[in-house]
Protein chains: 2
Amino acid sequence: MSKNTAGGTRSGIREVAELAGVGIASVSRVLSGQPGSSAQMTERVMEAARQLGYTPNLLAQSLRRRSSRSIGFVCSDITNPLLSSIVSGAESVLTKAGFSILLTNSGGVASVDAERIELLQQRQVDGLILLPALENDPATLALLQRSETPMVVIDRSLPDSIDAHYVLSDHYTGVSQAAHVLLSAGHRRLGLVVGRDVRPTRERIRAVEDSYRAMALEPELHIDSGTLCAEHGEQAMERLLDMTPAPTAVILGGNQLLEGALRVIRRRGIQLGRDLSLVCCDDVALSRLFEPPIATVMRDNVRLGQRAAQLLLDQLQTPHSSEAELLPTWFELRASCGPVPE
Amino acid sequence: MSKNTAGGTRSGIREVAELAGVGIASVSRVLSGQPGSSAQMTERVMEAARQLGYTPNLLAQSLRRRSSRSIGFVCSDITNPLLSSIVSGAESVLTKAGFSILLTNSGGVASVDAERIELLQQRQVDGLILLPALENDPATLALLQRSETPMVVIDRSLPDSIDAHYVLSDHYTGVSQAAHVLLSAGHRRLGLVVGRDVRPTRERIRAVEDSYRAMALEPELHIDSGTLCAEHGEQAMERLLDMTPAPTAVILGGNQLLEGALRVIRRRGIQLGRDLSLVCCDDVALSRLFEPPIATVMRDNVRLGQRAAQLLLDQLQTPHSSEAELLPTWFELRASCGPVPE
DNA sequence: TTGAAAGCGATACCAA
DNA sequence: TTGGTATCGCTTTCAA
């Protein structure tokens, strides 16, 4: 309806210059806050810009400056509260620094990761924050290798040939604490449900295995790997509980597994903390209010995103060689863990 | 490390033209898939582009085409699973159509909404999907009024003077169903916890009040309004339970309230479904596995985002005047609702 | 201090 | 069918 009433076509820098009766370059200088303009010039330009309701075209600005002040964020599924917290942390830091976020979901499909990264690069993002589905997808690796876009990779470890910075969670410590508590309580047969072969998965497995060794015990560990969704949690839990003898304690290596696992537990009338001990990695809403509360390997997801963003900003300002930052995880013991049954 | 080894500076369309020994315009034509190029020309250009590893600069393309094929998404907090589902739904539709998403969190601060919208417009987004914190923030309304960017507003209703499309949830129906169940079970004193004065809040209040009327009952409704976070849920629940007489059933008008409300319920040793009936609007992970399961007013959040994106795409293709789409909500009765105590 | 002019990397008109 | 050229809106020398 109200199409071209007031300003008509969105006014550009030329109109401002004309109205102010000055050169186009001066307008640019004043409006982008560069020094070297008389007070009078500043005044005139500001006034003209205000009158016209002028706002700069950042596309043109970016093209000319060769910097878009935007960064691309590639993750598998923003619906996962873990990821949305990370995005949120990154967004706050980046926005504060004047950057915008281009968000993309890959759906956990490695080939889509590569497509999205390429698209973002075509959009000339100044940097990338990546949480790739896999660590060894050929297409993605090839792309990243010849890429010159600064990037920070979260919770993955890519080949040295790729020039990336890393923000990693110290999954090893948190899971070690959990395993130690379980083994100390007398549990010997443990179940561990994990995702694909990426760093967190490997660290969690290593943590549990080392925990057996640290107590001079022979590992009786059953690893069930899949894709870290509720369905996998459900199926894995059924497989584990159907074993004879079945594990007396299970560690879920991912928040999304919990819902599925709890469905099985509910269905079978299992009482957590008595019939079975359960630990979940990464917090889930309400898991602390559950009866019994679910013991959890915690970490600060928002911080993870903030640090990733900050590392990227640092890298943009003063490029330096690859480095990795390790962020803590810790085990919160809750009543879903108990003694060995019988 | 591996800086300018292979291609050196990212090659542009000129290099491709030169290598192929053709004009720059022809390259553009071939690469953007326009008709009117001989098979031979197509061949030569494609080959040259491949050899150089050429990828187009979408910034330049957007500037010239006056269309960035990107859309801005403004919401309060991506950390809220409701919002992340909406974003996810929108992202999938938009990505499929070749659009990118610029995501921004306003933190629920109305003045920030306006700033973010302006920034996105400067970035020349082709459209906006908005979930503003308030419906009457002067700065935001003024901005939207003079804006010519097509937009879809989710779950808010803005003044007619603003040319927007809407995707709305039919909160009225779901909450009516819930209220009807509670009143039919004999509950008379109801508590309703709501957020700020926006459409969903008004619809929920109206639904409960109408439900009393429909059964020819005198409303004994206690409304506690705040900001839809866990803390508000906690405080509101304490206020409601401290009343004499206290409500025998409470409806929480937002998912984030549940955690806080449950903390109070746990702390006071209240047994849901027996001492108190509880309904939550919008699903929360695990709430169905809770003991007792939490009765919930459901809706399809992903669909909400998908429809918003689709409406925006429709509008971009063939502009038409403001319209609104209403998406269903429905009540799922679960054991957190029971008879009136005593 | 100011402004004219040359790009940034693409598209699109128009003449050949 | 092809290619030269003006242009998108801005930044940035460079000379005045």
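A note on names: the letters A, B, ... follow the listed sequences, proteins ahead of strands, and every chain is numbered from 1. Computed from a prediction, not measured in an experiment: that's the story for all the values here.
Between the CD1 atom of A/I13 and the P atom of D/dT7 there is a distance of 18 Å, given to the nearest Å. Between the P atom of D/dT2 and the CE atom of B/M41 lies a distance of 4 Å, rounded to the nearest Å. We find that CZ of B/R66 is positioned 9 Å from C1' of D/dG9, with the value rounded to whole Å. At whole-Å resolution of the value, CZ in A/R14 and C1' in C/dA4 are 12 Å apart. We find that CD of A/E43 is positioned 13 Å from P of C/dT2, with the value rounded to whole Å. With rounding to whole Å, B/I24 atom CD1 is found 14 Å from D/dT2 atom C1'. If you take CG of A/L58 and P of D/dG9, they are 14 Å apart, rounded to a whole angstrom. B/N57 has its CG atom 13 Å from the C1' atom of D/dC8, to the nearest Å.
Between B/S28 and C/dA10 there is no side-chain polar atom (N or O) within less than 4.0 angstrom of OP1 or OP2. For D/dT2, the OP1/OP2 oxygens have a side-chain nitrogen or oxygen of B/S38 closer than 4.0 Å. Between A/S26 and the phosphate of C/dT2, there is no side-chain N or O to OP1/OP2 separation shorter than 4.0 Å.
Going from atom CZ of A/R69 over to atom OG of A/S100 covers 9.5 Å, rounded to the nearest 0.5 Å.
Which of C/dT2, C/dA4, C/dT11 sits closest to the side chain of A/A25 comes down to C/dA4. Counting only heavy atoms from C-beta on, A/L63 has its side chain closest to C/dG9 among C/dG9, D/dT11, C/dG3. Proximity note for B/S37 (side chain, C-beta onward) versus D/dT2, C/dC8, C/dG3: the nearest is D/dT2. Out of D/dG9, C/dT2, D/dT12, the shortest distance to the side chain of A/Q34 is found at D/dT12. Ranking D/dT11, D/dG3, C/dT11 by closeness to the B/V22 side chain, first place goes to D/dG3.
Put simply, the side chain of B/N301 never gets that close to the backbone of B/I86: no donor and acceptor are under 3.5 Å apart.
Checked by atom type, the side-chain pair A/Q51/A/E47 shows a donor-acceptor distance below 3.5 Å.
Contact check for B/E115 versus B/L119: no side-chain heavy atoms found under the 4.5 Å cut-off.
If B/R65 and B/G36 are placed on DNA chain D by their nearest nucleotide, the residue sitting closer to the 5' end is B/G36. Ranked by how close their nearest DNA chain D nucleotide is to the 5' end, B/A60 and B/G21 are led by B/G21.
Within a 6.0 Å sphere centred on CD of A/E18, other residues, nucleotides and ligands contribute 12 heavy atoms or fewer.
At a cut-off of 3.5 angstrom, counting only N and O atoms as typed in the model, there is a donor on one side and an acceptor on the other between the side-chain of B/R29 and the base of D/dG3. Contact annotation: side chain of A/R64 to base of C/dG7, donor-acceptor pair present below 3.5 Å.
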